[in-house]
Participant: 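Once you've had a glance at the structure underneath, I'll fire off some questions.
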Amino acid sequence: MSTEPAAPATEEALAAVFRRVLEREDVTADSDFFDLGGDSLVATRVLSAVARAHGVELTLADFLSAPTPARLAERIAAAA
């Protein structure tokens, strides 16, 4: 098990996760995951990536209320 601290959740890092799971390049910090075609199943992939990279377990309800990289970064910072 790694003892390294979790990486800070930056908007760009989260936008990269959105790009990967949505297979789209047009994701910005203010892009709404669901407007870009994401659904709750794909959202679980984002939440899993967040948990692995940042050590924060968010719920689907958290994600639904913060569906952009910018807002999700704020939610992660608040939970850390």
Side-chain angles (χ1 to χ4, degrees):
M1 189 161 175
S2 175
T3 58
E4 293 180 34
T10 65
E11 293 174 5
E12 182 52 38
L14 293 168
V17 172
F18 279 34
R19 286 184 198 105
R20 181 172 46 82
V21 301
L22 294 171
E23 299 178 353
R24 295 180 66 132
E25 292 301 317
D26 59 338
V27 177
T28 67
D30 295 317
S31 295
D32 185 290
F33 179 82
F34 299 102
D35 289 345
L36 294 175
D39 58 35
S40 60
L41 263 176
V42 179
T44 62
R45 293 177 56 200
V46 174
L47 294 172
S48 178
V50 165
R52 280 192 312 273
H54 307 293
V56 174
E57 297 275 342
L58 298 177
T59 66
L60 184 58
D62 291 326
F63 190 82
L64 293 172
S65 66
T68 69
R71 291 180 57 205
L72 195 57
E74 291 171 2
R75 185 62 58 102
I76 293 166

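Being a predicted model, the structure only gives us computed values, none of them experimental. Heads up: numbering here begins at 1 and tracks the sequence.
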Participant: State, to 0.1 Å, how close Pro69 and Ser31 come at their nearest heavy-atom pair, and which atoms those are.
Facilitator: CD-O, 3.3 Å
Participant: Considering non-hydrogen atoms only, spot the tightest contact between Ala49 and Val17 and give its length.
Facilitator: CB-CG1, 3.9 Å
Participant: Which residues pass the side chain to side chain contact (heavy atoms under 4.5 Å, CB included) test with Asp39, not counting sequence neighbours?
Facilitator: Leu41, Val42
Participant: Hey, could you give me the CZ/OG distance between Phe33 and Ser40, rounded to the nearest 0.5 Å?
Facilitator: 9.0 Å
Participant: Less than 4.5 Å apart, side chain to side chain, heavy atoms only: is that true for Val46 and Leu58?
Facilitator: no
Participant: Can you measure from OG1 (Thr68) to CG (Leu36) and round to the nearest 0.5 angstrom?
Facilitator: 10.5 Å
Participant: Under the side chain to side chain donor-acceptor pair (under 3.5 Å) test, which residues partner Arg24, sequence neighbours left out?
Facilitator: Asp26
Participant: In Å and rounded to the nearest 0.5 Å, what is the CZ to CG distance from Arg71 to Asp62?
Facilitator: 11.5 Å
Participant: Would you sort out whether Leu14 and Ile76 count as a side chain to side chain contact (heavy atoms under 4.5 Å, CB included), showing the intermediate values?
Facilitator: CA-CA 10 Å; Leu14 293 168; Ile76 293 166; 3.9 Å; yes
Participant: What's the separation between atom CG in Leu64 and atom CG in Leu60, rounded to the nearest 0.5 Å?
Facilitator: 4.5 Å
Participant: Charged N to carboxylate O under 4.0 angstrom, Glu12 versus Arg19?
Facilitator: yes
Participant: What residues form a side chain to side chain donor-acceptor pair (under 3.5 Å) with Ser65, not counting sequence neighbours?
Facilitator: Arg75
Participant: Name the orientation class of the two ring planes belonging to Phe18 and Phe63 (parallel below 30°, tilted from 30 to 60°, perpendicular beyond 60°).
Facilitator: tilted
Participant: Would you say the side-chain atoms of Ser48 pair up with the backbone N or O of Arg45, donor to acceptor, closer than 3.5 Å?
Facilitator: no
